[in-house]
Student: 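The structure follows.
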Amino acid sequence: MARTLTKSNEQWRRAVTRLPLGVASNFRYWGAERTIYVKHGRGARITDIDDNVYVDYRLGYGPAILGYADPRVDAAARAGMEVGGVFALSTEREFRVAERISKMVPAAELVRFSNSGTEAVMAGLRLARAYTGRDDYIMLEGSYHGLFDAAMWYTPMEKWGQVGEPEVQPYSQGIPLGARGFAHFVQANDANQLEETFKRQAGKVACMLLEPIMGNCLGIAAEPDYLRAARALCDKYGAVLLIDEVKTGFRVARGGVQELCGIKADLCTFAKAVANGYPISILAGREDIMRKLGQGVAHGGTYTAHSVSLAAAEACLEILDETDALEKIAAYGTRLRKGMTAVLNARGIPHSFVGHPSMSGLYFAADPPRNYRAWKSSDYAFYDAMAQVLHDEGVLCEPDSREPWFVSAAHDDSCLADTLRGFEIAVDATLRSRIAEKVPA
Ligand SMILES: Cc1ncc(COP(=O)(O)O)c(C=O)c1O
């Protein structure tokens with residue numbers, strides 16, 4: 001497909017005069033020549049301002065679970081606007097939505113709303129610290145919990161030499177280095193290391209912040225046994241288990257990873273799939289912990305439970321709970337994996353899939369990774385080169401191999417056919433460019 005980005009390029013040159021990097025979020029900048037400006041999204045497709053149409057597997061990093069501009073959710077949101085916006089007072093709908101969430105997620109005994117995933121996790125960590133009277137927390141290498149200072153430590157694996165421990169670095173300038181000591185990193189799926197960490201930090205760990213399918217790390221999943229071990233160790237060492245289901249919630253199952261693995265968090269957070277793209281997030285959990293909100297622990301916000309987002313959440317959660325949307329999403333994801341495998345096997349390219357069919361990581365090594373360090377030994381350069389061609393062919397995945405492919409209920413047979421056609425072209429083009437560059441396959 002011949003793709004031109006003339007208008008997007010012009011727009012970028014204009015936008016950069018007023019907006020840092022020419023965008024509203026750093027992650028949306030893909031370079032002066034490749035940054036895309038969207039005209040609209042409908043169903044599973046996005047049209048950019050040059051009228052290029054893409055089958056989209058980013059879905060805004062997950063929210064558009066029913067597809068863009070779902071008429072049922074948009075109608076509910078319009079009706080929500082009629083309520084009047086925000087009042088700094090409560091409405092009856094809050095209880096109805098909280099009831100639905102508690103029905104879908106047994107761990108959600110009590111519920112509070114916020115606007116973004118970041119806000120919900122930040123509130124959860126504060127609550128866990130208040131509840132336990134401790135300050136430290138444990139995170140998985142490769143996990144992402146949003147852009148607040150306490151969560152902005154990471155192990156940049158691309159810089160790791162595959163020996164020794166990867167260095168923990170701040171994710172940004174402006175993070176006070178003095179706060180570093182509170183965060184302890186462990187590798188996913190290593191219960192022994194987790195127990196050692198709890199022991200080493202005896203009595204100091206308030207919380208394990210656990211992203212059960214790491215949505216910024218291919219979709220590497222915590223295995224059910226590991227989740228059970230994490231549950232038991234949090235109980236043993238008196239720490240709160242906060243399962244961050246911002247990406248997995250209401251996507252991999254009605255009750256998220258907790259349902260899939262039969263595990264109950266003390267606190268859990270949700271955001272992306274809650275309202276099909278309208279900004280709302282959820283902090284929920286055990287009654288004795290949640291009751292501390294308002295009993296010494298602050299929580300609130302001007303836009304919390306905005307009438308538009310709340311009405312959209314009510315409609316979206318009803319659809320996810322009462323229709324077969326999630327089953328359709330998983331079935332499409334499975335067909336997508338099969339189609340990709342057929343293309344890759346025909347060319348002898350070792351690969352595997354990670355995560356869940358509704359948010360699949362494509363990994364270029366035969367055995368799926370169990371932790372972030374394993375990603376380093378995959379052929380991620382192949383993925384990154386292939387992604388550029390996929391964009392030119394009208395298939396929008398994240399340009400970085402670490403982001404999974406999100407599927408919506410609007411992905412249909414025609415999307416699948418277009419995707420697999422583009423995928424075949426992109427794989428072959430990447431193989432050809434490797435031969436031309438004499439990169440060992
Ligand atoms: C697991 C997880 N937690 C928290 C966040 C932060 O959410 P938001 O971008 O809505 O602030 C994200 C965002 O990708 C996420 O994937």
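Atoms within a ligand are numbered from 1 in the order they appear, just like the ligands themselves.
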Student: Is ligand 1 under 4.0 Å from a heavy atom in the side chain of Lys272, in the backbone, in both, or in neither?
Tutor: side chain
Student: For a side chain to side chain contact (heavy atoms under 4.5 Å, CB included) with Glu245, tell me which candidate from Val105, Ile282, Val257, Thr269 qualifies.
Tutor: Val257
Student: Near Gly117, which atoms of ligand 1 are under 4.0 Å from a heavy atom of that residue?
Tutor: 6 (C), 7 (O), 8 (P), 10 (O), 11 (O)
Student: Only heavy atoms of Ser116, strictly under 4.0 Å: list the atoms of ligand 1 that pass.
Tutor: 10 (O), 11 (O)
Student: Considering the heavy atoms of Thr118, write down every atom of ligand 1 situated less than 4.0 Å from one of them.
Tutor: 6 (C), 7 (O), 8 (P), 11 (O)
Student: Could you name the option among Asp244, Leu147, Asn115, Asn216 that has the heavy atom nearest to atom 3 (N) of ligand 1?
Tutor: Asp244
Student: Assess whether a salt bridge exists between Glu314 and Arg100, defined as any Lys/Arg side-chain N lying under 4.0 Å from an Asp/Glu carboxylate O.
Tutor: no
Student: Answer yes or no: are there more than 12 heavy-atom neighbours, outside Asp235 itself, under 6.0 Å from its atom CG?
Tutor: yes
Student: Looking at atom 15 (C) of ligand 1, what's its closest protein heavy atom, distance included?
Tutor: Val246 CG1, 3.6 Å
Student: Please give me the minimum heavy-atom distance between Val23 and Ser25, naming the atom from each residue.
Tutor: CG2-O, 3.3 Å
Student: If the cut-off is 4.0 Å to any non-hydrogen atom of Glu211, which atoms of ligand 1 fall inside it?
Tutor: 1 (C)
Student: Tyr61 ring centre to Arg58 NZ or CZ under 6.0 Å, with the angle to the axis within 45°?
Tutor: yes
Student: Would you check if the distance from the ring center of His40 to the ring center of Tyr68 is below 6.0 Å?
Tutor: no
Student: Check whether the side chains of Asn9 and Tyr37 place a donor and an acceptor atom closer than 3.5 Å, and report yes or no.
Tutor: no
Student: At less than 4.0 angstrom from any non-hydrogen atom of Lys247, what atoms of ligand 1 do you find?
Tutor: 14 (O), 16 (O)
Student: At a non-hydrogen distance cut-off of under 4.0 Å, which region of Tyr61 contacts ligand 1 (side chain, backbone, both, or neither)?
Tutor: neither
